[in-house]
Amino acid sequence: MARELLGAVLVRRTQKDTLRARIVETEAYVGQHDLACHAARGLTERTAVMFGPPGRAYVYLVYGMHDMLNVVTAGEGDPQAVLIRACEPHSGDAERAGGAVERMDGPGRLTKALLVTRDLNGHDLNRPPLWIEAGSPPPRVEVGPRVGVDYAAEWADAPLRFFDADSQAVSRSRSRRLSSERAGPKANLT
DNA sequence: GCATCGATGGTG
DNA sequence: ACCATCGATGCA
(Lines give C-alpha, C1' and ligand atoms only; values in the text may rest on other atoms or scores of the structure.)
Protein backbone atom coordinates (compact mmCIF):
# COMPACT_ATOMS: atom_id res chain seq x y z
CA MET A 1 0.00 0.00 0.00
CA ALA A 2 2.86 2.39 0.75
CA ARG A 3 4.15 1.83 -2.75
CA GLU A 4 0.68 2.06 -4.28
CA LEU A 5 0.00 5.41 -2.66
CA LEU A 6 2.90 7.06 -4.48
CA GLY A 7 1.43 9.23 -7.20
CA ALA A 8 -2.02 9.26 -5.65
CA VAL A 9 -3.52 12.65 -4.86
CA LEU A 10 -4.40 13.81 -1.40
CA VAL A 11 -7.27 16.28 -1.45
CA ARG A 12 -8.08 18.65 1.39
CA ARG A 13 -11.19 20.80 1.39
CA THR A 14 -11.27 23.80 3.67
CA GLN A 15 -13.65 26.71 4.04
CA LYS A 16 -11.69 28.73 1.52
CA ASP A 17 -10.64 26.23 -1.11
CA THR A 18 -9.66 22.72 -2.11
CA LEU A 19 -5.97 21.80 -2.07
CA ARG A 20 -4.47 18.91 -4.00
CA ALA A 21 -1.14 17.24 -3.29
CA ARG A 22 0.60 14.41 -5.12
CA ILE A 23 2.08 11.84 -2.75
CA VAL A 24 5.81 11.29 -3.39
CA GLU A 25 7.09 9.66 -0.20
CA THR A 26 5.60 7.11 2.19
CA GLU A 27 6.57 4.70 4.94
CA ALA A 28 4.92 1.44 5.92
CA TYR A 29 4.32 0.46 9.54
CA VAL A 30 3.40 -3.13 9.23
CA GLY A 31 1.76 -4.26 12.44
CA GLN A 32 2.15 -5.23 16.06
CA HIS A 33 5.36 -7.19 15.43
CA ASP A 34 6.99 -4.12 13.81
CA LEU A 35 8.91 -2.48 16.66
CA ALA A 36 8.81 0.91 14.92
CA CYS A 37 5.01 0.82 14.74
CA HIS A 38 3.17 2.60 17.52
CA ALA A 39 0.92 -0.44 17.79
CA ALA A 40 3.88 -2.58 18.86
CA ARG A 41 3.00 -1.63 22.42
CA GLY A 42 -0.53 -2.80 22.01
CA LEU A 43 -3.90 -1.11 21.83
CA THR A 44 -3.93 2.23 23.60
CA GLU A 45 -6.07 5.32 23.32
CA ARG A 46 -3.65 6.80 20.81
CA THR A 47 -3.25 3.72 18.61
CA ALA A 48 -6.89 2.65 18.66
CA VAL A 49 -7.61 3.96 15.16
CA MET A 50 -4.90 1.72 13.70
CA PHE A 51 -6.69 -1.31 15.11
CA GLY A 52 -9.90 -0.25 13.39
CA PRO A 53 -11.11 -0.52 9.79
CA PRO A 54 -8.86 0.47 6.87
CA GLY A 55 -9.23 3.70 4.94
CA ARG A 56 -9.22 5.87 8.03
CA ALA A 57 -6.74 8.59 8.95
CA TYR A 58 -4.42 8.00 11.89
CA VAL A 59 -3.17 11.44 12.96
CA TYR A 60 -0.92 11.93 15.96
CA LEU A 61 1.48 14.48 17.41
CA VAL A 62 5.27 14.02 17.43
CA TYR A 63 7.87 16.07 19.23
CA GLY A 64 5.16 18.18 20.74
CA MET A 65 4.61 20.15 17.56
CA HIS A 66 4.03 18.20 14.36
CA ASP A 67 0.94 16.28 13.32
CA MET A 68 1.69 13.14 11.29
CA LEU A 69 -0.79 11.82 8.75
CA ASN A 70 -1.15 8.07 8.22
CA VAL A 71 -3.56 5.90 6.28
CA VAL A 72 -4.81 2.79 8.07
CA THR A 73 -4.29 -0.03 5.61
CA ALA A 74 -5.13 -3.45 7.02
CA GLY A 75 -8.13 -5.18 8.51
CA GLU A 76 -9.68 -4.65 11.90
CA GLY A 77 -7.45 -5.95 14.65
CA ASP A 78 -4.38 -5.80 12.40
CA PRO A 79 -2.78 -2.43 13.11
CA GLN A 80 -0.91 -1.36 9.98
CA ALA A 81 -0.60 2.11 8.53
CA VAL A 82 1.21 4.15 5.92
CA LEU A 83 2.79 7.45 6.91
CA ILE A 84 2.57 10.14 4.24
CA ARG A 85 5.97 11.83 4.39
CA ALA A 86 5.96 14.21 1.42
CA CYS A 87 3.84 15.60 -1.38
CA GLU A 88 4.17 17.89 -4.34
CA PRO A 89 1.63 20.71 -4.33
CA HIS A 90 -0.71 20.44 -7.30
CA SER A 91 0.35 22.84 -10.04
CA GLY A 92 -3.18 24.22 -10.29
CA ASP A 93 -3.09 25.28 -6.65
CA ALA A 94 0.13 27.20 -7.19
CA GLU A 95 -1.43 29.12 -10.07
CA ARG A 96 -4.55 30.03 -8.14
CA ALA A 97 -2.49 31.09 -5.14
CA GLY A 98 -0.29 33.25 -7.32
CA GLY A 99 2.75 31.03 -6.96
CA ALA A 100 3.05 30.98 -3.20
CA VAL A 101 2.22 27.50 -1.91
CA GLU A 102 3.68 26.06 1.26
CA ARG A 103 6.26 23.31 0.96
CA MET A 104 5.13 19.76 1.61
CA ASP A 105 8.54 18.07 1.64
CA GLY A 106 8.32 16.49 5.06
CA PRO A 107 5.61 14.90 7.19
CA GLY A 108 5.29 17.92 9.47
CA ARG A 109 5.34 20.49 6.69
CA LEU A 110 2.80 18.46 4.75
CA THR A 111 0.21 18.47 7.50
CA LYS A 112 0.82 22.13 8.18
CA ALA A 113 0.29 23.03 4.52
CA LEU A 114 -2.89 20.96 4.25
CA LEU A 115 -4.22 21.99 7.66
CA VAL A 116 -4.33 18.42 8.89
CA THR A 117 -4.45 18.11 12.67
CA ARG A 118 -5.54 15.54 15.20
CA ASP A 119 -9.16 16.50 14.92
CA LEU A 120 -9.06 14.46 11.68
CA ASN A 121 -7.88 11.38 13.58
CA GLY A 122 -10.24 8.54 12.67
CA HIS A 123 -11.66 10.41 9.68
CA ASP A 124 -12.92 8.23 6.83
CA LEU A 125 -10.61 9.07 3.91
CA ASN A 126 -13.28 8.33 1.33
CA ARG A 127 -15.03 11.63 1.84
CA PRO A 128 -14.61 15.35 2.54
CA PRO A 129 -12.92 17.20 4.02
CA LEU A 130 -9.94 14.92 3.34
CA TRP A 131 -9.74 12.15 0.79
CA ILE A 132 -7.49 10.39 -1.71
CA GLU A 133 -7.91 10.23 -5.47
CA ALA A 134 -6.17 8.02 -8.00
CA GLY A 135 -3.14 9.44 -9.80
CA SER A 136 -0.32 8.21 -11.95
CA PRO A 137 2.45 6.16 -10.35
CA PRO A 138 5.98 7.54 -10.51
CA PRO A 139 8.17 6.00 -13.22
CA ARG A 140 10.96 5.29 -10.77
CA VAL A 141 10.43 4.29 -7.15
CA GLU A 142 13.28 3.99 -4.67
CA VAL A 143 13.18 2.06 -1.41
CA GLY A 144 15.12 2.54 1.80
CA PRO A 145 15.00 2.39 5.60
CA ARG A 146 12.47 4.46 7.49
CA VAL A 147 13.46 7.77 9.06
CA GLY A 148 13.86 8.31 12.78
CA VAL A 149 13.27 4.76 14.00
CA ASP A 150 16.78 3.82 15.14
CA TYR A 151 15.31 2.58 18.41
CA ALA A 152 13.41 -0.21 16.65
CA ALA A 153 16.18 -2.84 16.82
CA GLU A 154 16.03 -5.23 13.86
CA TRP A 155 13.18 -3.22 12.37
CA ALA A 156 15.22 -0.02 12.15
CA ASP A 157 16.75 -0.95 8.80
CA ALA A 158 13.77 -2.62 7.16
CA PRO A 159 13.29 -1.29 3.60
CA LEU A 160 9.85 0.18 4.23
CA ARG A 161 10.31 3.72 2.94
CA PHE A 162 9.22 4.42 -0.62
CA PHE A 163 9.73 7.53 -2.67
CA ASP A 164 9.49 8.96 -6.15
CA ALA A 165 13.10 8.95 -7.34
CA ASP A 166 12.48 11.94 -9.61
CA SER A 167 10.64 14.22 -7.21
CA GLN A 168 12.21 17.35 -5.76
CA ALA A 169 9.78 17.23 -2.87
CA VAL A 170 11.10 14.09 -1.19
CA SER A 171 11.91 14.90 2.42
CA ARG A 172 15.23 16.17 3.61
CA SER A 173 16.95 13.12 4.99
CA ARG A 174 17.26 11.86 1.42
CA SER A 175 18.79 14.97 -0.09
CA ARG A 176 21.48 14.82 2.57
CA ARG A 177 22.29 11.26 1.64
CA LEU A 178 22.25 11.91 -2.08
CA SER A 179 24.39 14.99 -1.86
CA SER A 180 27.07 13.20 0.10
CA GLU A 181 26.99 10.43 -2.47
CA ARG A 182 27.27 12.96 -5.26
CA ALA A 183 30.25 14.55 -3.53
CA GLY A 184 32.20 11.34 -4.01
CA PRO A 185 35.34 10.39 -2.10
CA LYS A 186 36.45 13.07 0.33
CA ALA A 187 40.10 12.89 -0.61
CA ASN A 188 42.28 10.97 -2.96
CA LEU A 189 44.87 9.26 -0.81
CA THR A 190 47.84 8.80 -3.08
C1' DG B 1 27.08 21.24 2.57
C1' DC B 2 27.06 19.35 7.34
C1' DA B 3 26.42 18.94 12.44
C1' DT B 4 24.16 20.45 16.43
C1' DC B 5 20.54 22.19 19.18
C1' DG B 6 16.18 23.83 21.19
C1' DA B 7 11.18 24.15 20.89
C1' DT B 8 7.23 21.71 22.78
C1' DG B 9 3.45 18.38 24.43
C1' DG B 10 1.36 13.85 24.45
C1' DT B 11 2.18 9.19 25.77
C1' DG B 12 2.73 5.15 28.77
C1' DA C 1 12.12 9.80 29.54
C1' DC C 2 11.11 9.15 25.46
C1' DC C 3 9.80 10.52 20.63
C1' DA C 4 7.65 8.35 12.73
C1' DT C 5 10.35 16.76 13.20
C1' DC C 6 11.74 21.35 11.86
C1' DG C 7 14.17 25.67 11.52
C1' DA C 8 17.94 28.28 13.01
C1' DT C 9 22.63 28.62 13.82
C1' DG C 10 27.52 27.98 13.31
C1' DC C 11 31.16 26.52 10.55
C1' DA C 12 33.36 25.06 6.01
Side-chain angles (χ1 to χ4, degrees), chain A residues 1-3 5-6 10 21 23-52 54 56-74 78-89 100-123 125 130 142-164 167-188:
Chain A
M1 277 306 300
R3 194 188 280 272
L5 281 168
L6 294 179
L10 197 56
I23 299 171
V24 298
E25 181 182 358
T26 59
E27 281 176 0
Y29 290 83
V30 296
Q32 233 161 343
H33 56 293
D34 174 2
L35 296 178
C37 184
H38 289 167
R41 279 172 253 227
L43 192 152
T44 66
E45 192 172 339
R46 180 175 65 158
T47 62
V49 172
M50 263 198 291
F51 285 83
R56 306 291 246 278
Y58 168 45
V59 186
Y60 67 90
L61 189 69
V62 262
Y63 298 116
M65 39 178 88
H66 302 293
D67 288 293
M68 301 284 105
L69 171 62
N70 301 251
V71 181
V72 177
T73 53
D78 182 10
Q80 305 194 44
V82 171
L83 170 67
I84 312 296
R85 284 193 59 87
C87 288
E88 287 172 351
V101 181
E102 270 190 274
R103 295 161 61 188
M104 303 181 184
D105 53 336
R109 283 187 285 263
L110 165 64
T111 54
K112 178 162 182 276
L114 293 180
L115 304 174
V116 172
T117 58
R118 280 158 293 157
D119 48 74
L120 285 168
N121 188 36
H123 169 72
L125 288 167
L130 179 65
E142 277 184 57
V143 183
R146 295 171 293 185
V147 174
V149 297
D150 291 346
Y151 60 87
E154 71 269 21
W155 284 91
D157 300 319
L160 292 173
R161 176 174 180 234
F162 303 84
F163 55 91
D164 179 344
S167 174
Q168 302 306 300
V170 166
S171 73
R172 221 158 264 252
S173 42
R174 177 176 103 100
S175 23
R176 271 196 232 109
R177 188 157 56 82
L178 285 189
S179 54
S180 45
E181 282 167 8
R182 201 182 309 134
K186 298 265 188 255
N188 196 356

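The basis for the numbers below is simple: all heavy atoms, side chains too, and nothing from hydrogens, waters or symmetry mates. Predicted, not measured: the structure shown is a model, and the values here were computed from it. Letters A, B, ... mirror the listed sequences (proteins, then strands); counts begin at 1.
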Residue pairs meeting salt bridge (Lys or Arg N to Asp or Glu O under 4.0 Å), one or both in residues 27-39 of chain A, sequence neighbours left out, come to A:Glu27-A:Arg85, A:Asp34-A:Arg146

Residue set satisfying salt bridge (Lys or Arg N to Asp or Glu O under 4.0 Å) with A:Arg56, at least two apart, ordered chain then number -> none

By side-chain contact (heavy atoms from CB on, under 4.5 Å), A:Glu88 pairs with (sequence neighbours left out) A:Arg22, A:Val24, A:Ser167, A:Ala169

Contacts of A:Thr47 meeting side chain to side chain donor-acceptor pair (under 3.5 Å) (sequence neighbours excluded), chain-then-number -> A:Thr44

Return the polar atom pairs (N/O with N/O) between nucleotides 10-12 of chain B and the protein under 3.5 Å, or none.
| residue | atom | partner | partner atom | Å |
| --- | --- | --- | --- | --- |
| B:dG12 | OP1 | A:Thr44 | OG1 | 2.3 |

Considering just the side-chain nitrogens and oxygens of A:Tyr151, establish if one lies under 4.0 Å of OP1 or OP2 belonging to C:dA4.
-> yes

Which atom pairs, donor and acceptor, lie under 3.5 Å between side-chain atoms of residues 148-160 of chain A and protein residues at least two apart or in another chain?
| residue | atom | partner | partner atom | Å |
| --- | --- | --- | --- | --- |
| A:Tyr151 | OH | A:Ala36 | O | 3.4 |
| A:Trp155 | NE1 | A:His33 | O | 3.2 |

Applying salt bridge (Lys or Arg N to Asp or Glu O under 4.0 Å) to A:Arg103 and not counting sequence neighbours gives A:Asp105

Atom CD of A:Gln80 and atom C1' of C:dA4 are separated, to the nearest Å, by 16 Å

Sorted by chain and number, sequence neighbours left out, salt bridge (Lys or Arg N to Asp or Glu O under 4.0 Å) with A:Arg41 holds for none

Polar atom pairs between nucleotides 5-9 of chain C and protein, under 3.5 Å, N or O only, would you list them?
| residue | atom | partner | partner atom | Å |
| --- | --- | --- | --- | --- |
| C:dT5 | OP1 | A:Arg85 | NH1 | 3.4 |
| C:dT5 | OP2 | A:Tyr63 | OH | 3.4 |
| C:dT5 | O2 | A:His66 | NE2 | 3.1 |
| C:dC6 | OP1 | A:Pro107 | N | 3.3 |
| C:dC6 | OP1 | A:Gly108 | N | 3.0 |
| C:dC6 | OP1 | A:Arg109 | N | 3.4 |
| C:dC6 | O4' | A:His66 | NE2 | 3.1 |
| C:dG7 | OP2 | A:Arg109 | NH1 | 2.1 |

Output row for DNA chain C, stems defined as at least 3 consecutive Watson-Crick or G-U pairs under 3.5 Å, is B:1-7 with C:5-11, B:9-11 with C:1-3

Looking at A:Glu102 and A:Arg109, is any side-chain nitrogen of the basic one under 4.0 Å from a carboxylate oxygen of the acidic one?
no

By side chain to side chain donor-acceptor pair (under 3.5 Å), A:Arg3 pairs with (sequence neighbours left out) none

Sorted by chain and number, sequence neighbours left out, ring-ring contact (aromatic ring centres under 6.0 Å, His included) with A:Tyr60 holds for A:His38, A:Tyr58

In whole angstroms, the gap separating C1' of C:dA4 from CG of A:Asp157 amounts to 15 Å

